[in-house]
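The model shown is predicted, which means the values in this text are computed figures rather than measured ones.
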Amino acid sequence: MPVIVGGPPRSGTTLLVSILGSHPHIHAIDHETTAFHPSHRPEKLFSALFFENESRRRQRIPVGKTRFAEKTPGNVHHASEIDRFFRGRVKMVNIFRDGRDVITSRHPQRPGEYWVPLSRWIRDVESGLRARAMTNVLSVRFEDLVTGPEEAIRRLCDFLEEPYDARMLEFHKHTNVREHLAWGGNARAIDAGSLRKWEQPEHASRLEEFMSNPKATELSRELGYL
């Protein structure tokens, strides 16, 4: 049964799929397939796993791995389609993060630019919250994952019906996703150092934009951030 991860960009989707890839039963696809984007076809998931293409080597699921995980942030908009495609035999995990940290996150390759517009965070969160009604969808908060990782990972494993494995706490040593653009380099140990950066004075105007948007503050309250 595959695991499909979604959520707003800069909310920890890469961290989450990398943690999943450190589980002895789960192989993580090391790039975003965008398989459920309207312009693509879900079969891209299987192309990513089993077939060669011009830019990537073949990724056969290693011996001992019994399922795969894929993350594309936009998956958060396609929960019903994903469920139909896999005929209900799928687990979906959507991750959320304080929107103030999301919209003040700098692009790793263009540090003078913010990565995610406020409108994108609002749209993605709204879709993720609607999907919570589905029994095969789990919502995870980035802050819970980095401040109480063992509890959050145990809850994740219970949802996936997989045994908890302590190696997931040191995912960067065991995952097959060791490098990613989202990190601007190699995987690092779980830490809470990226929390509440929106409090820095340099982000004051960006924060004002967020706090003056009624929909943004409404969603933040629903997620427990305000």
Side-chain angles (χ1 to χ4, degrees), residues 1-21 23 26-51 53 55-56 59 61 65-99 102-103 105 115-142 144-145 152 155-157 159-162 177 180-182 215-216 218-220 222-223:
M1 186 182 297
V3 186
I4 304 296
V5 174
R10 307 308 291 165
S11 293
T13 54
T14 303
L15 172 64
L16 182 55
V17 80
S18 300
I19 290 173
L20 290 169
H23 192 284
I26 302 173
H27 173 74
I29 297 176
D30 66 1
H31 62 285
E32 298 171 7
T33 70
T34 65
F36 292 97
H37 186 278
S39 64
H40 295 145
R41 294 175 58 83
E43 288 78 4
K44 283 190 68 180
L45 280 170
F46 303 103
S47 295
L49 286 166
F50 298 114
F51 299 102
N53 60 46
S55 61
R56 296 194 177 271
Q59 289 193 60
I61 298 178
K65 303 279 187 172
T66 58
R67 62 204 301 188
F68 69 85
E70 189 273 348
K71 79 96 179 178
T72 299
N75 288 338
V76 72
H77 298 291
H78 305 292
S80 296
E81 178 187 352
I82 291 168
D83 186 59
R84 287 194 300 271
F85 179 77
F86 289 107
R87 300 180 181 179
R89 297 286 300 168
V90 62
K91 295 282 190 175
M92 290 173 275
V93 185
N94 290 328
I95 188 165
F96 299 101
R97 184 182 183 185
D98 189 332
V102 171
I103 70 161
S105 177
W115 192 315
V116 184
L118 176 57
S119 59
R120 172 70 186 269
W121 181 81
I122 290 173
R123 187 170 65 252
D124 290 359
V125 169
E126 287 180 322
S127 290
L129 291 177
R130 285 194 295 270
R132 290 192 302 183
M134 299 173 63
T135 58
N136 57 346
V137 174
L138 175 70
S139 296
V140 175
R141 293 200 337 164
F142 174 80
D144 297 335
L145 189 58
R155 177 172 170 252
L156 176 64
C157 289
F159 170 72
L160 299 177
E161 301 176 87
E162 293 285 359
V177 183
H180 201 279
L181 171 65
K215 178 56 70 172
E218 175 190 334
L219 294 172
S220 294
E222 187 166 354
L223 291 171

Are the side chain of Thr33 and the backbone of Ala35 linked by a donor-acceptor contact shorter than 3.5 Å? yes
Once rounded to the nearest 0.5 Å, what's the spacing between atom CZ of Phe142 and atom CG of Asp98? 10.5 Å
Check: Met1 main-chain N/O paired with Arg67 side-chain donor or acceptor under 3.5 Å: yes
Looking only at heavy atoms, which two atoms of Trp115 and Pro9 are closest? And how far apart? NE1-CB, 4.5 Å
Between Thr34 and Thr72, which heavy-atom pair has the shortest distance, and what is it? N-OG1, 3.2 Å
With the side chain counted from C-beta on, respond yes when Val177 and His31 share a heavy-atom pair under 4.5 Å apart, and no when they do not. no
Keeping His78 on the side-chain end and Phe36 on the backbone end, is there a donor-acceptor pair under 3.5 Å? yes
With rounding to the nearest 0.5 Å, note down the distance linking NE2 in His27 to CZ in Phe68. 9.5 Å
List the residues meeting side chain to side chain contact (heavy atoms under 4.5 Å, CB included) with Glu218, not counting sequence neighbours, and say none if there are none. Lys215
Could you tell me whether a side-chain N or O of Ser11 sits under 3.5 Å from a main-chain N or O of Pro8, the two making a donor and an acceptor? yes
Is a side-chain donor or acceptor of Glu32 paired with a backbone partner of Lys71 at a separation under 3.5 angstrom? no
Just by distance, do the side chain of Asn75 and the backbone of Val5 share a donor-acceptor pair under 3.5 Å? yes
In this structure, CD1 of Ile19 is separated from CG of Leu156 (nearest 0.5 Å) by 8.0 Å
So does Thr14 get a backbone contact from the side chain of Ser18, meaning a donor-acceptor N/O pair under 3.5 Å? yes
Results of salt bridge (charged side-chain N to carboxylate O under 4.0 Å, His left out) for Arg132 - residues two or more places apart only: Glu222
Quick one: list whatever passes side chain to side chain contact (heavy atoms under 4.5 Å, CB included) with Thr66, sequence neighbours left out. His25, Glu162
Do Val17 and Ile29 pass the side-chain contact (heavy atoms from CB on, under 4.5 Å) test, and can you show the C-alpha distance, the side-chain angles, and the key distance before you say yes or no? CA-CA 8 Å; Val17 80; Ile29 297 176; over 6 Å; no
Please check: side-chain N/O of Arg141 versus main-chain N/O of Leu223, any donor-acceptor pairing under 3.5 Å? yes
Closest approach of Leu20 to Ala69 (non-hydrogen atoms, all atoms of both residues): CD1-CB, 4.0 Å
Run the side-chain donor-acceptor check on residues 117-129: report pairs under 3.5 Å with partners two or more places apart or on a different chain.
{"from": "Arg120", "atom 1": "NE", "to": "Asp124", "atom 2": "OD1", "distance (Å)": "3.2"}
{"from": "Arg120", "atom 1": "NE", "to": "Asp124", "atom 2": "OD2", "distance (Å)": "2.7"}
{"from": "Trp121", "atom 1": "NE1", "to": "Arg97", "atom 2": "O", "distance (Å)": "3.4"}
{"from": "Asp124", "atom 1": "OD1", "to": "His77", "atom 2": "NE2", "distance (Å)": "2.6"}
{"from": "Ser127", "atom 1": "OG", "to": "His77", "atom 2": "ND1", "distance (Å)": "2.7"}
{"from": "Ser127", "atom 1": "OG", "to": "Arg123", "atom 2": "O", "distance (Å)": "3.4"}
{"from": "Ser127", "atom 1": "OG", "to": "Arg130", "atom 2": "NH2", "distance (Å)": "3.1"}

Using modelled atom types only, decide if a donor and an acceptor are shared between the side chain of Lys65 and the backbone of Ile26 within a distance under 3.5 Å. yes
Got a list of side-chain donor-acceptor pairs under 3.5 Å for residues 80-94, not counting sequence neighbours?
{"from": "Asp83", "atom 1": "OD1", "to": "Asn136", "atom 2": "ND2", "distance (Å)": "2.8"}
{"from": "Lys91", "atom 1": "NZ", "to": "Phe159", "atom 2": "O", "distance (Å)": "3.1"}

Give the minimum heavy-atom separation between Gly21 and Ala28, together with the two atoms involved. CA-CB, 3.7 Å
